[in-house]
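Chain identifiers are assigned alphabetically (A, B, ...) following the order of the sequence lines, protein sequences preceding nucleic acid strands; residue numbering begins at 1 within each chain.
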Protein chains: 2
Amino acid sequence: MACYGREEGFVSANSRLTIAAHALAWIGLYQRRGHDVATSEQIAGSANTNPVVIRRLLGELRRAGLVESRRGAGAGWALARELESITLLDVYDAVEPGPLFAMHRATPDQECVVGYGIRPAMQGIYGGIEETLRAELARVTMQDVLQDVLAVPRQ
Amino acid sequence: MACYGREEGFVSANSRLTIAAHALAWIGLYQRRGHDVATSEQIAGSANTNPVVIRRLLGELRRAGLVESRRGAGAGWALARELESITLLDVYDAVEPGPLFAMHRATPDQECVVGYGIRPAMQGIYGGIEETLRAELARVTMQDVLQDVLAVPRQ
DNA sequence: GTGGTCGTAACACTAATCGTTACGACTCAC
DNA sequence: GTGAGTCGTAACGATTAGTGTTACGACCAC
């Protein structure tokens, strides 16, 4: 590629949230510079990945109502909402389906006191922690992200 | 502490934290009932997994100073610290090495404004969020976990 | 029509975890 | 000492998720 300029829950701290935020920031900046749509190839060039990866991720963001896509010639992607109104939690929910921590793969021994109570206990604890995480993600908007991106000193 | 800059970081919200907490709660309760050491086979029976999985996890907890093991006949595992002094953050740090969110696998286009600034920007944002997560994990002790486990109504 | 772009299926590759077997190392009871 | 029981750990396969890539149909501006 050219060098472009519950029972089971898996979260997988992968780069999906990072790439999705990258794509949104790129589209937002591109639109502010006067363009109407961005192509998956342009975004993939900036993120140094494959356009199909971008199309897959942006497809999930479209299902969440964050972006729109147009097909055909001169087509591409545009924001469906302002950067100010999109939080990292919106993006997280769009691209990360599972819970943060998973329970046992196989049901623990229900005859054992610990095996019986561990799942409800951990679910309660994890639930509270996940709520805190979501609140933190909701505090950051994509406008904040773009601002931080542009504030990085170019040395 | 989280090390962000690396090329690939996988956390994988797997069940490692859950199983580790299960094992610690089991050992703690077993000791309170008058026994001195618990075997990996007993714990594996309660967690419905393989004793080797338990030994591997407890080995990481031992390296973190949370449990001790004895070999030989009549050997097994014992707590190295009281349940009250072990937090979920201690367990998390012992069994989950990577950061919560990963950066791009490949370096983004440094000629692009977004590609250049996105990593430092996201690292700052992720760092703050991860600190909050760690603070939440630190608020829960293994004694709290055991208490919650035993408080689950047996119907 | 033609060309450019999305939409998506298909596949290979990588990485992490888990389950399992196997076996050596160790230590207690005798 | 000997034997039995347990840990310590290597090795391997299976499973899962994500990523990168190719391919090709669908769609639309011109």
Side-chain angles (χ1 to χ4, degrees), chain A residues 1-4 7-20 23 27 35-45 47-63 67-78 95-99 101-106, chain B residues 6-20 22-23 27 35-45 47-63 67-78 95-99 101-106:
Chain A
M1 151 119 344
C3 191
Y4 300 97
E7 207 61 335
E8 47 245 339
F10 295 86
V11 154
S12 62
N14 41 31
S15 56
R16 291 167 64 83
L17 181 59
T18 302
I19 304 292
I27 299 172
H35 305 89
D36 50 349
V37 293
T39 71
S40 61
E41 188 150 1
Q42 292 172 313
I43 302 167
N48 195 7
T49 182
N50 193 287
V52 175
V53 174
I54 299 297
R55 290 206 288 271
R56 281 197 289 234
L57 269 175
L58 287 181
E60 301 181 44
L61 298 187
R62 185 189 50 224
R63 265 166 245 130
V67 298
E68 296 167 343
S69 65
R70 288 213 303 262
R71 305 175 78 171
W77 303 84
V95 302
E96 303 278 12
F101 301 112
M103 286 296 125
H104 311 62
R105 293 194 159 186
Chain B
R6 49 184 195 164
E7 218 61 344
E8 52 246 337
F10 295 86
V11 154
S12 62
N14 41 31
S15 56
R16 291 167 64 84
L17 182 59
T18 301
I19 303 291
H22 186 143
I27 298 172
H35 305 91
D36 49 350
V37 292
T39 70
S40 60
E41 188 150 2
Q42 293 171 311
I43 302 168
N48 194 7
T49 182
N50 193 286
V52 176
V53 174
I54 299 298
R55 290 205 289 270
R56 280 198 289 234
L57 270 175
L58 287 181
E60 301 180 46
L61 298 187
R62 185 189 50 224
R63 265 167 245 130
V67 298
E68 296 167 343
S69 66
R70 288 214 303 262
R71 305 174 77 172
W77 302 84
V95 303
E96 303 277 11
F101 301 112
M103 285 297 125
H104 310 63
R105 293 195 156 185

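Residues B:E41 and B:I54 are not in side-chain contact: their nearest non-hydrogen atoms beyond the backbone lie 4.5 Å or more apart. By the 4.5 Å heavy-atom criterion applied to side chains, B:D36 and B:R70 are counted as neighbours.
One can place CD1 of A:I43 at 12 Å from C1' of C:dC6, the figure rounded to the nearest angstrom. Taking atom NE2 of B:H104 as the reference point, atom C1' of D:dT19 lies 14 Å away to the nearest angstrom. The CD1 atom of A:I19 sits 13 Å away from the P atom of D:dG18 (whole-angstrom rounding). Between B:E96 atom CD and C:dT17 atom C1' there is a gap of 11 Å when expressed in whole angstrom units. To the nearest angstrom, P of C:dC18 lies 14 Å from CG of B:N48. Remark: P of C:dC6 and CZ of A:R63 are 15 Å apart, rounded to the nearest angstrom. Rounding to whole angstrom units, CG of residue A:L17 and P of D:dG18 are separated by 13 Å. Atom CH2 of B:W77 and atom C1' of C:dC26 are 13 Å apart (whole Å).
The shortest distance between the side-chain N/O atoms of B:S69 and the OP1/OP2 oxygens of D:dG8 is below 4.0 Å. In this structure, A:N14 does not reach the D:dA17 phosphate: none of its side-chain N or O atoms is under 4.0 Å from OP1 or OP2. The side chain of B:S15 contributes an N or O atom lying less than 4.0 Å from OP1 or OP2 of C:dC18. For B:T39, no side-chain nitrogen or oxygen approaches OP1 or OP2 of D:dT6 to under 4.0 Å. At C:dG4, none of the side-chain N or O atoms of A:R70 fall inside 4.0 Å of OP1 or OP2 (strictly under the cut-off).
Near DNA chain D, meaning a heavy atom under 4.0 Å away, the residues from residues 54-62 of chain B are B:R55, B:R56, B:R62.
In terms of heavy atoms, B:A23 sits closest to B:L58 at CB-CD2, 4.0 Å. Residue A:V37 comes nearest to A:A75 through the heavy atom pair CG2-O, 3.8 Å, listed as atom of the first residue, atom of the second, then distance. A:G59 approaches A:W77 most closely through the heavy-atom pair N-CH2, 4.0 Å. Across all non-hydrogen atoms, the minimal contact from A:N14 to A:E96 is OD1-OE2, 3.0 Å.
For B:R105, counting side-chain heavy atoms from C-beta on, the closest listed nucleotide (D:dT6, D:dG20, C:dG24) is D:dG20. Of the candidates C:dC18, D:dG18, C:dT20, the closest approach to any side-chain atom of B:R16 belongs to C:dC18. Distances were taken from every side-chain heavy atom of B:N50 (C-beta onward) to each of C:dG19, C:dG7, C:dA25; the shortest belongs to C:dG19. When the nucleotides D:dT19, C:dT20, D:dC27 are ranked by their closest atom to the side chain of A:R71, D:dC27 comes out on top.
Between A:V53 and B:V52, it is B:V52 whose nearest contact on DNA chain D lies nearer the 5' terminus.
At distances below 3.5 Å, not a single donor-acceptor pair connects side-chain atoms of B:S15 with backbone N or O atoms of A:A102.
Using a 4.0 Å heavy-atom cutoff across all strands shown, B:A75 reaches sugar-phosphate atoms only and no base atom.
Of the candidates A:I19, A:N48, A:T49, A:I19 is the only one forming a side-chain contact (heavy atoms from CB on, under 4.5 Å) with B:H104.
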